[in-house]
Amino acid sequence: VNDCDAWVHQAFCFFDVICGPLNIAVNGNLFVPTGTINACGNTATMNAGTGPVIWDGPLGSGIASNTNVAITTTTQGTYTLTTGTGTNTIGNIFTLNINPLPTVSLTASSMSACVNGPTISLTGSPSGGVFPAWPNIVGNIFTPPGIAMNYPITYTYTNPTTSCSATASVSILIKVC
């Protein structure tokens with residue numbers, strides 16, 4: 001109800017397709033359906049949240065005059081989302097890119113260590129990712145704690161071009177020696 005006069009809405013409660021902003025969720029992230037929307041993974045699930053809606057997708061997407069509030073696609077291209085009924089409809093046209101998740105790996109110089117033992121080097125690939133902010137991890141060096149346990153470590157990388165992220169993990173066994 002952003003740009004409408006207050007009197008227009010007096011005594012009415014409805015989804016305002018003409019005056020209010022429309023957001024859609026693509027793989028759980030909110031977007032205004034204009035311009036280009038980047039999704040991560042092999043598919044994009046788009047959810048308009050409320051209806052009535054009509055989705056139309058590019059050739060080969062199998063999405064034509066689809067009235068489901070949520071749709072899933074593997075096809076990139078130009079989509080149209082029409083909301084409302086009768087003369088109170090609005091169409092949003094946007095381009096959907098489906099970007100692959102990065103391939104991420106994590107290795108450790110040793111998969112087991114003694115309590116308070118020597119440090120273990122961690123190597124995450126591609127470079128530029130992050131390890132958790134834990135006291136036992138500084139940079140890419142893991143210092144075994146003073147407790148025998150199975151110590152899970154993750155490495156997360158975000159592709160700077162697509163903003164898509166993926167995580168790899170290893171588990172290092174800390175034992176009493």
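What you see below is based on every heavy atom in this structure, not just the backbone, and it leaves out hydrogens, waters and symmetry mates.
Atom CG of N150 has more than 12 heavy atoms from other residues, nucleotides or ligands within 6.0 Å.
Of the listed residues (T36, N38, T73), just one forms a side chain to side chain contact (heavy atoms under 4.5 Å, CB included) with L96, and that residue is T73. Only one option out of V170, I172, I137 pairs with I120 in a side chain to side chain contact (heavy atoms under 4.5 Å, CB included); it is I172. Applying the side chain to side chain contact (heavy atoms under 4.5 Å, CB included) test between I71 and each of T45, N66, N47 identifies N66 as the sole match.
The two residues P144 and G117 make their nearest non-hydrogen contact at CD-O, 3.5 Å. When all heavy atoms are compared, the tightest approach of V26 to M46 is CG2-CG, 3.8 Å. When all heavy atoms of I98 and G41 are compared, the closest pair comes out as CG2-O, 3.1 Å.
Side-chain contact between L81 and Y79: absent, with no pair of heavy atoms (C-beta onward) separated by less than 4.5 Å. Counting only heavy atoms from C-beta outward, the side chains of P52 and T67 never approach each other to under 4.5 Å.
Side chain to side chain, T43 and T74 fail the donor-acceptor criterion of an N or O pair below 3.5 Å.
In the hydrophobic clustering of ILVMFWY residues, with side-chain heavy atoms under 4.5 Å counting as a link, W134 and L122 come out together. Hydrophobic cluster membership is shared by V176 and M149, with clusters built from Ile, Leu, Val, Met, Phe, Trp and Tyr side chains linked at under 4.5 angstrom.
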- Task: Kindly indicate, with the supporting measurements, whether the criterion side-chain hydrogen bond (donor to acceptor under 3.5 Å, both in side chains) is fulfilled by T167 and T156.
- Result: CA-CA 4 Å; T167 299; T156 302; 3.1 Å; yes
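Within the model, atoms OG1 of T80 and CD1 of I93 stand 4.5 Å from one another, a figure rounded to the nearest 0.5 Å. To the nearest 0.5 Å, the span separating CG on N140 from CD1 on I153 amounts to 11.0 Å. With values rounded to the nearest 0.5 angstrom, I174 atom CD1 is found 10.5 Å from I147 atom CD1.
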Run the side-chain donor-acceptor check on residues 53-61: report pairs under 3.5 Å with partners two or more places apart or on a different chain.
{"residue": "W55", "atom": "NE1", "partner": "N68", "partner atom": "O", "Å": "3.0"}
{"residue": "W55", "atom": "NE1", "partner": "V69", "partner atom": "O", "Å": "3.4"}
{"residue": "D56", "atom": "OD1", "partner": "S65", "partner atom": "N", "Å": "2.6"}
{"residue": "S61", "atom": "OG", "partner": "P58", "partner atom": "O", "Å": "2.7"}
{"residue": "S61", "atom": "OG", "partner": "I63", "partner atom": "N", "Å": "3.2"}

Please report, to 0.1 Å, the donor-acceptor pairs under 3.5 Å made by any side chain of residues 100-112, with sequence neighbours excluded.
{"residue": "S109", "atom": "OG", "partner": "S121", "partner atom": "N", "Å": "3.0"}
{"residue": "S110", "atom": "OG", "partner": "S112", "partner atom": "N", "Å": "3.4"}
{"residue": "S110", "atom": "OG", "partner": "S112", "partner atom": "O", "Å": "2.6"}

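Here the side chain of Y155 pairs a donor or acceptor atom with the backbone of P126 at under 3.5 angstrom.
Partners of T34 under the side-chain hydrogen bond (donor to acceptor under 3.5 Å, both in side chains) rule, at least two apart in sequence or in another chain, do not exist in this structure.
The distance between the ring centers of F131 and F142 does not fall below 6.0 angstrom.
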